[in-house]
Amino acid sequence: MRFLLTHYRAFSTRIAVSPNSQICYFARLGQIKNARKVFDGLPEKTVVSWNSIISGYFQNNQHREAQILFDNMPERNIISWNGLISGYIKNGMITEARKVFDKMPERNVVSWTAMIRGYVQEGMIREAEVLFWKMPERNVVSWTVMLGGLIQECRMDDACRLYDAMPVKDVVARTNMIGGYCKEGRLREAREIFDEMPRRNVVAWTTMITGYAQNNRVDVARKLFEVMPEKNEITWTAMLMGYTQCGRMEEALDIFEAMPVKSVAACNAMILGFGMNGQAEKARMVFDRMWEKDDGSWSAMIKVYERKGFELEALNLFASMQKKRVRPNFPSLISILSVCASLASLDHGRQVHAQLVRFQFDLDMYVASALITMYIKCGDLVKAKQVFDGFTPKDIVMWNSIITGYAQHGLAENALQVFHKMFSSGIIPDDITFIGVLTACSYTGNVDEGLQIFESMRSKYNVEPKTEHYACAVDLLGRVGRVNEAMNLIENMPVEADAIVWGALLGACRTHKKLDLAEVAAKKLLQLEPQNAGPYILLSNLYASQGRWNDVADQRKNMRARSVNKFPGCSWIEVDKKVHMFTMADSSGHPEHAVIMKMLEKLAGLLREAGYSPDGSFVLHDVDEEEKVNNLRYHSEKVAVAYGLLKVPKELPIRIMKNLRVCGDCHSAIKLIAKITGREIILRDANRFHRFKDGLCSCRDYW
DNA sequence: TCAACTCAGC
């Protein structure tokens with residue numbers, strides 16, 4: 001406060017500034033009330049005073065007050081009228097601007113240019129062009145505004161013609177052309193204009209540098225950067241991002257450290273740079289050391305955590321952002337929504353939904369789809385459908401989200417119902433739609449219907465089946481044991497079968513114990529994805545189930561030789577808005593470890609009493625029976641179930657998440673646990689949902 | 001002192 005006062009005193013006493021410029025000064029600072037005070041205190045208000053205060057209100061997005069003042073002006077000049085046009089345009093009111101333009105007593109080149117600029121800003125290029133060719137005289141600014149409109153619409157060839165026709169080309173027009181060419185990757189043409197420029201400013205240099213950096217020529221960008229006469233913060237940031245976006249973090253860091261002023265934008269770029277290149281800790285270090293953060297800093301850090309699988313960190317950071325009373329912005333809310341979806345954290349998801357509503361972000365179609373996906377992944381289909389139904393018009397992504405959602409929950413009938421409704425309401429299904437529909441049929445064993453839809457994709461819907469769709473078809477056939485037909489289908493594919501297709505066949509072979517075809521599929525898979533642990537594990541599980549321990553050992557050796565690691569299984573559960581994570585065979589880090597272990601012992605006893613015997617064929621290792629039983633008991637999904645039985649109120653279902661597919665033995669065990677304890681248990685694994693109740697699972701043992 | 005124009009990040 002004291003700062004502001006002294007600042008103001010210095011300003012008003014240093015020079016004899018006119019009151020009108022004081023009005024502008026305050027308006028620019030966003031202190032429109034102070035500007036108004038100066039205006040109201042004027043004994044004599046000239047037309048310039050009126051113009052200044054009106055412009056001030058428009059600058060501060062208060063068009064009503066500006067309008068009232070304009071209507072009450074004692075006299076107006078052409079600048080007043082032009083100010084009204086540009087004011088409306090600043091506030092996005094193009095129709096009002098045009099009304100003023102049509103009724104004003106006289107127009108000059110500024111009036112025309114302002115109006116054209118308004119159309120360009122709204123993307124109404126046709127209207128802009130009509131006015132441009134109609135205007136009685138043009139100057140370099142009018143030409144440049146029109147040029148900018150064409151470039152904005154990516155009409156570079158039209159822009160080039162207009163540019164050639166310009167009688168005078170100034171720095172702005174040339175720089176704009178350079179930027180336009182760079183965005184299209186036409187670096188040679190951009191460079192030609194740059195080289196021909198009689199006078200270059202920092203902006204031109206920066207545009208050229210950005211152009212090279214965004215088109216995989218970061219070293220050329222660096223050369224220009226080294227020789228340019230003067231750099232500003234934007235230049236440094238552009239160079240920095242050139243390096244971060246191609247993953248050259250050492251050079252990015254050099255630039256960052258050499259920067260004279262580390263702007264917030266540059267820091268944010270470093271956060272994203274480190275984070276997206278797999279160095280989340282370093283990103284966090286930059287974040288923590290920042291002198292001041294903007295909302296971009298927070299959303300960048302949250303995005304990094306979300307994309308790199310640090311879901312809990314993302315949630316924590318989002319919470320501390322709110323504790324610091326930083327208003328969540330659009331990108332951070334979207335990131336956190338996706339975190340809620342992957343964690344299946346329904347409580348957090350609901351909170352974020354409420355915030356989206358409060359800030360009116362939920363009116364966005366993209367957000368609606370993200371919300372639907374979140375509710376589906378959290379297992380709340382009713383709420384997902386509610387968001388879906390409440391939003392019109394619906395785009396294809398929304399339809400696809402809900403269809404895929406039903407598929408993951410094993411509700412083929414609902415998925416097909418929505419699919420037909422979508423088609424009859426005039427939305428053309430795309431390839432994603434069919435993945436959802438075919439998966440739905442596959443998960444429920446609707447083989448004939450699924451195959452029928454697969455056959456009709458091209459003929460009825462004009463959608464060319466891709467490898468993913470073939471994978472679904474292979475899955476459909478494979479699930480019911482028609483493995484040879486599946487193999488036939490693969491051999492007659494018009495495109496090369498990929499890992500997903502072979503994976504589907506391998507899964508079927510495992511279920512139906514078709515050892516010979518399994519080996520074929522697994523070997524194909526190993527060729528395509530030598531680093532993927534999946535085929536090694538499937539194959540060695542297959543050998544293990546037949547007691548071929550030597551072959552199992554060979555697979556393990558192969559895995560080690562190619563340094564393939566089995567992705568560790570982990571499960572988690574949300575209790576009281578807190579996520580509890582368990583990894584296989586180890587819950588010792590959990591504060592309630594002892595109680596959990598006791599519960600697991602008790603469950604094992606209950607299962608034995610119910611006549612349950614563990615199915616050892618699901619275990620990978622060649623170990624004796626007793627240890628096998630132990631390994632099964634401590635699979636992460638069982639630990640999470642035990643914790644859920646301890647913590648979740650009796651009337652509520654227990655919701656568990658697992659990062660891999662549920663293990664076959666756990667699946668049998670949880671069915672029984674649900675029956676013995678009378679609880680409903682919902683398990684989301686990597687592929688789909690399992691709802692266990694009364695000794696049965698909603699997947700009907702297909703998964 | 002009042003009206004029309006280009007560059008980075010979100």
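Below, chains carry the letters A, B, ... as their sequence lines are ordered, and counting in each starts from 1. We use all heavy atoms of the structure for the numbers below, so side chains are in, but hydrogens, waters and symmetry mates are not.
One can place CG of Leu84(A) at 17 Å from P of dC2(B), the figure rounded to the nearest angstrom. Atom pair Ile85(A):CD1 and dC2(B):P shows a separation of 18 Å (rounding to whole Å applied). Here the C1' atom of nucleotide dA8(B) and the CE atom of Met259(A) are 10 Å apart, to the nearest Å. Counting to the nearest Å, the C1' atom of dC7(B) and the CE atom of Met177(A) are 16 Å from each other. Atom CZ in Phe39(A) sits about 12 Å away from atom C1' in dC2(B), given to the nearest Å. In this structure, Arg200(A) atom CZ and dC7(B) atom C1' are separated by 16 Å, rounded to whole Å. Counting to the nearest Å, the P atom of dA8(B) and the CD1 atom of Ile178(A) are 13 Å from each other. Nucleotide dG9(B) holds its C1' atom 13 Å from the CG atom of Asn329(A), rounded to whole Å.
A salt bridge links Arg284(A) and Asp288(A); the closest N-O separation between the charged side-chain nitrogens and carboxylate oxygens is under 4.0 Å.
Listed by chain and number, the residues in a ring-ring contact (aromatic ring centres under 6.0 Å, His included) with Phe391(A) amount to none (sequence neighbours excluded). Listed by chain and residue number, Trp298(A) satisfy the ring-ring contact (aromatic ring centres under 6.0 Å, His included) test with Phe287(A) (two or more places apart in sequence, or in another chain). Here Phe274(A) pairs with nothing under the ring-ring contact (aromatic ring centres under 6.0 Å, His included) rule; sequence neighbours left out.
Centroid-to-centroid, the aromatic rings of Trp205(A) and Phe194(A) come within less than 6.0 Å.
For the residue pair Tyr181(A)/Arg191(A), the side-chain donor-acceptor check at 3.5 Å is not satisfied.
Of the possible polar contacts, one joining the Asp364(A) side chain to the Tyr366(A) backbone as a donor-acceptor pair under 3.5 Å is found. Side-chain N or O atoms of Arg107(A) include one that pairs as donor or acceptor with a backbone N or O of Phe101(A) at under 3.5 Å.
A heavy-atom distance below 4.0 Å to DNA chain B is reached by these residues of residues 227-247 of chain A, ordered by number: Ile234(A), Met241(A).
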Do any N or O atoms of the protein come closer than 3.5 Å to N or O atoms of nucleotides 3-6 of chain B, and which pairs are they?
| unit_1 | atom_1 | unit_2 | atom_2 | d |
| --- | --- | --- | --- | --- |
| dA3(B) | N3 | Asn82(A) | ND2 | 2.8 |
| dA4(B) | N1 | Asn139(A) | ND2 | 3.1 |
| dC5(B) | OP1 | Arg117(A) | NE | 2.9 |

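Residue pairs meeting the ring pair (Phe, Tyr, Trp, His ring centres under 6.0 Å) criterion with at least one partner in residues 232-261 of chain A, sequence neighbours excluded, are Phe225(A)-Trp236(A).
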